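Worth saying up front: this structure is predicted, and the values here are computed from it rather than measured. For the numbers below, each heavy atom of this structure counts, side chains included, while hydrogens, waters and symmetry mates do not.
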Amino acid sequence: MSSPPLDILVIDENRIRAAIIEAGLREGGHERVTLIHDVSGIARRIAEVNPDVIVIDLENPNRDMLEAMFQLSRAVKRPVAMFVDRSDRASIEAAVEAGVSAYIVDGLKQERVKAILDMAVSRFNAYSRLTRELEEARSELEGRKVIERAKGLLMRSRGLSEQDAYALLRKTAMNQNRKLAEVAQSLVTAADLLGPGGL
Amino acid sequence: MAEHQINAGFMPLFDSAVLVVSRELGFATREGVELTLTRETSWANIRDRIAVGSFDVAHMLGPMPIACNLGLTPLASDTIVPFSLGLGGNAITVSNAVWDGMKAHGALPDLNPARAGAALRKLIAERQATGREPLRFAVVHPHSGHNYELRYWLAACGVDPVHDIDIVIVPPPFMADALAANRIDGYCVGEPWNSASVVRHTGRIVTVKAAIWRSSPEKVLGARKAWANDHPEAMAALLRALYHAARWCHDPANHAELAALMAQPRFLGQPASMQMRALTGRLDPGEGGERRVADFFLPFDKAANFPWKSHALWFYTQMVRWGQVEHTAANAEIARGTYRPDLYRSALKPLGVALPGANAKVEGALSEAMPVGSAGASLVLGPDGFFDGQIFDPDALDGYIALQSKA
C-alpha cells in the first residue's frame, strides 16, 4: 500500500469531541489531521489545508455555507462531494444518527475513506455515550444531595435520628412506588414553599 | 395512540408557523396525526434527515426539493411538495454604512425596490470607481427564494449580482450578528431576522420580497416521495391539519397568541413584539417609523398554500439563469413534477374549501385582486406583480429563460 497520506480536516466547535476524533484518526494511522473550532475565515483555512476529507458535526449551523463553498469551489481547489456513496444507505444512516457528516474530494476511492467515516461515527457515538453517562452521574450526585437535605429537614422538624429519617423516606418511597430522590425532592420543595416554619 | 405518526423537521424561521401551529394548537391531533417536530440547525441537515428517513416531511425552502430532484445537492432523495407554507415574509437589510451611502444617492425609507435598487447601483458604481472592495451580501442557501429574489432585484436595477457584488451563505439566526460584525454588508432573509438588525440599530430594511414580487412563493412542506407514496392517508391527514392551521394563523384574532407561541425558546426565541411585524406587515425599516406592507406575509390568504407548478417553474428558470443547472426539457419536467397540486386537491376536497381551477398560472399578470374560478367556495388571487413589470408565463418557459440570459 503506497497511497499518499490523506489530509483530513475536522470542523467541530466542540473541542473535546474534536480531540477525541483526532486521537482516533491518529490511532488509525492518519497523521495529517487539522482541527478547526471556529468557522470565521474558514474559506482561507480550507484553501491552506487543501483537505482530501472534511469531517463536520451536524449541529454546526454552517453546513449550508460550507456546501455552497464546495460547490462554487473558488476557495477550495478541488471540488468536494458528499463522502458516502449514495447507494451506501446503512453508512449514511449511521452517520446521520451519530450526528456527523463528511465530504471528500471527487475521485478519491471509497474504500480509502470508509474507514475514516466509520471511525468518526464510532467516536461521535462514544462521545454521546460519555456525555450521557456524565449527565447521569451528575443527576445521581444531585439526588444524593437532595436526600441529605430531606433527611436534615425530617431530623429537625420531627426530632428523628439520621437513621430514622432515612428509614421514613425509604418507606414512603416504597409505599408510593417512587424513587427515593423524588420523595426527597417533593419534601424539599414543600419545605421551600412553606418557608422556615412550615415543616 | 394516534392513527398516523409523522416526524417533521423545521428551521427557526417565522414561516415555520403553520407547521408549528398544526401541532401546538391540536389541528394535527384532530386529524389523527401525532406530529413530532424537531428544530434543525441547517437546511443540509433537513435534507439529509429526509433522505435517511428520520424525517418524513419538513419545512423547506421552495427551490430545495427541486434542486434535490435535479441532483444538484449532495445526498438527496426524491422529494415532493404537496403544500406551500405561505407567500412572502422576506426582506433585504443593509448595514447602516451602506444605507447612508444609498441615501446619498436618493434612497428613502419607503421600501420601494426600484428606488432602493437605483440608489444601490449608484453606490456600487461609486465604490467601483474608487477601487473599493465589492459589497458582500448574504443569503441563506444557494437554492433559496432569498438568493433568487435578491439577484432578480439587483439585476432588474442594473446591478450584476455575479460580478458587482459577492454573495455568501450565512444561516438565518446569524445574519444580524454577521452584519453587526461587518462580515457582510447586507442580506436577504425571512423574518424575524431583518427586524433583529433594526431593533439593534445595526441595519436598515431597504425593501421586501412582497414588493419585489407580490404573493411570491417561499417555504413549502417537502415530503420524501417514497414515504408519501406509502402513506397516502397520513399525508392527506397532515395536509388537512396544515390547512386548518394556516387558516388559524391568518385570523387577526389569533395573532397575539401566534406571536407568543413562536417567541418561545423552542421555536424562535425572539420577542413576541418582533414577530408581530411579520404578522401585521407593519415593519419598521429603521427610521423609527412604521411602514405598512400589503401582503407582507400570507400564511393562508390568496391560495397561499396551493403548490403552484408555475412557482416551481419560476424557481427553475432562476436556477438556469444563475448557472446552477442546464435548461433541458427533461430538467424542466423534473421541476414541474416536484410540486404536487394533485395531492393538495385530493386531501382538501372532502373539506369543501376553495380550490384553484388550474395547476399553474401566469405569474405577475394580476394588477389587482381577482376572484378566480374554483371548485366550491370563492377564491381570490393577486395582485401578484413583479416590481419591474415582467410576467412569467409557464407555457412560455423557453422564451423567459432566453430573455433573462440576454439581460
(message) Any non-hydrogen side-chain atom of B:P171 less than 4.5 Å from a side-chain atom of A:N62?
(response) yes

(request) Could you check if a side-chain atom of B:R49 sits within less than 4.5 angstrom of a side-chain atom of A:V96, using non-hydrogen atoms only? (result) yes

(request) Output the distance between atom CG (A:N60) and atom CG (B:N45), rounded to the nearest 0.5 Å. (result) 9.0 Å

(request) Taking atom CZ of A:R158 as the centre, report whether more than 12 heavy atoms of other residues, nucleotides or ligands fall under 6.0 Å from it. (result) no

(message) Given heavy-atom pairs under 4.5 angstrom as the criterion, report whether the side chain, backbone, both or neither of B:A178 touches chain A.
(response) neither

(request) Give a yes or no on this: more than 12 heavy atoms of other residues, nucleotides or ligands lie within 6.0 Å of atom CG of A:L130. (result) yes

(message) For the CE atom of A:M65 and the OG atom of B:S42, what is their distance to the nearest 0.5 Å?
(response) 11.5 Å

(request) Would you check if the side chain of B:T41 reaches a backbone N or O of A:L58 as a donor-acceptor pair within less than 3.5 Å? (result) yes

(message) Using a 6.0 Å cut-off, check whether atom CD of A:E97 has over 12 heavy atoms from anything other than its own residue.
(response) no

(request) Report, as yes or no, whether the 6.0 Å neighbourhood of atom CZ on B:R127 holds more than 12 heavy atoms from other residues, nucleotides or ligands. (result) yes

(request) May I ask you to check whether over 12 heavy atoms, not counting those of A:E93, lie within 6.0 Å of atom CD? (result) yes

(request) Write down the atom of B:A44, the atom of A:E67, and the distance for their closest heavy-atom approach. (result) CB-OE2, 3.8 Å

(message) Quick check on B:E133: does its CD atom have over 12 non-hydrogen neighbours (other residues, nucleotides or ligands) under 6.0 Å away?
(response) no

(request) Check whether B:V168 gets within reach of chain A through its side chain, its backbone, both or neither, counting any heavy atom under 4.5 Å. (result) neither

